[in-house]
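The next block holds one structure in the form of structure tokens; read it before the comments.
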Amino acid sequence: MADKGGMDKMKGKAKEMGGKAMGDRGKQAEGKAEQAKGEAKKAMGEAKKGMGDARDRAGQSRESLKRRSG
């Protein structure tokens, strides 16, 4: 997902604040859950990016070793 959970976090915060203003604890809880979902998406996106970066570095190292030995 392009926004890495940002939209879920914003919608969740709005839902939480609306629930707070109306005294609706259920909506507050839904909002907090949606924010947590956004955080999880963000963390997953960062982990995927980190794996891609590590894979790229490993590929560069392998190419460097080939040039040295070949």
Side-chain angles (χ1 to χ4, degrees):
M1 176 160 262
D3 72 352
K4 303 287 189 258
M7 188 63 85
D8 289 322
K9 288 171 56 177
M10 288 190 315
K11 287 186 340 186
K13 189 65 173 175
K15 193 177 283 188
E16 177 190 4
M17 298 312 285
K20 193 176 232 179
M22 296 166 80
D24 186 340
R25 290 186 178 189
K27 285 288 181 202
Q28 283 179 291
E30 285 178 31
K32 287 182 180 188
E34 204 159 339
Q35 289 176 71
K37 177 181 166 185
E39 283 293 325
K41 282 184 181 180
K42 179 182 174 188
M44 183 62 79
E46 289 172 358
K48 285 181 181 179
K49 182 183 182 312
M51 291 297 291
D53 291 348
R55 187 175 46 242
D56 291 345
R57 285 192 305 273
Q60 290 169 355
S61 295
R62 186 175 53 237
E63 289 300 317
S64 178
L65 287 173
K66 282 182 183 178
R67 278 185 251 128
R68 285 187 213 161
S69 64

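Worth saying up front: this structure is predicted, and the values here are computed from it rather than measured.
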Can you list every pair that meets side-chain hydrogen bond (donor to acceptor under 3.5 Å, both in side chains) and has a residue in residues 9-21, with sequence neighbours left out? Lys9-Glu39, Lys15-Glu34, Glu16-Gln35

Could you pull out every donor-acceptor pair under 3.5 Å between side chains of residues 22-32 and any protein atom, sequence neighbours left out?
unit_1 : atom_1 : unit_2 : atom_2 : d
Asp24  : OD1    : Gly26  : N      : 3.0
Asp24  : OD1    : Lys27  : N      : 3.1

Who else is in Met17's hydrophobic cluster (ILVMFWY, side-chain heavy atoms under 4.5 Å, direct or via others)?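 Cluster partners of Met17: none, it stands alone.
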
Contacts under 3.5 angstrom, residues 45-56 side chains, donor-acceptor by atom type, not counting sequence neighbours:
unit_1 : atom_1 : unit_2 : atom_2 : d
Lys49  : NZ     : Asp53  : OD2    : 3.1

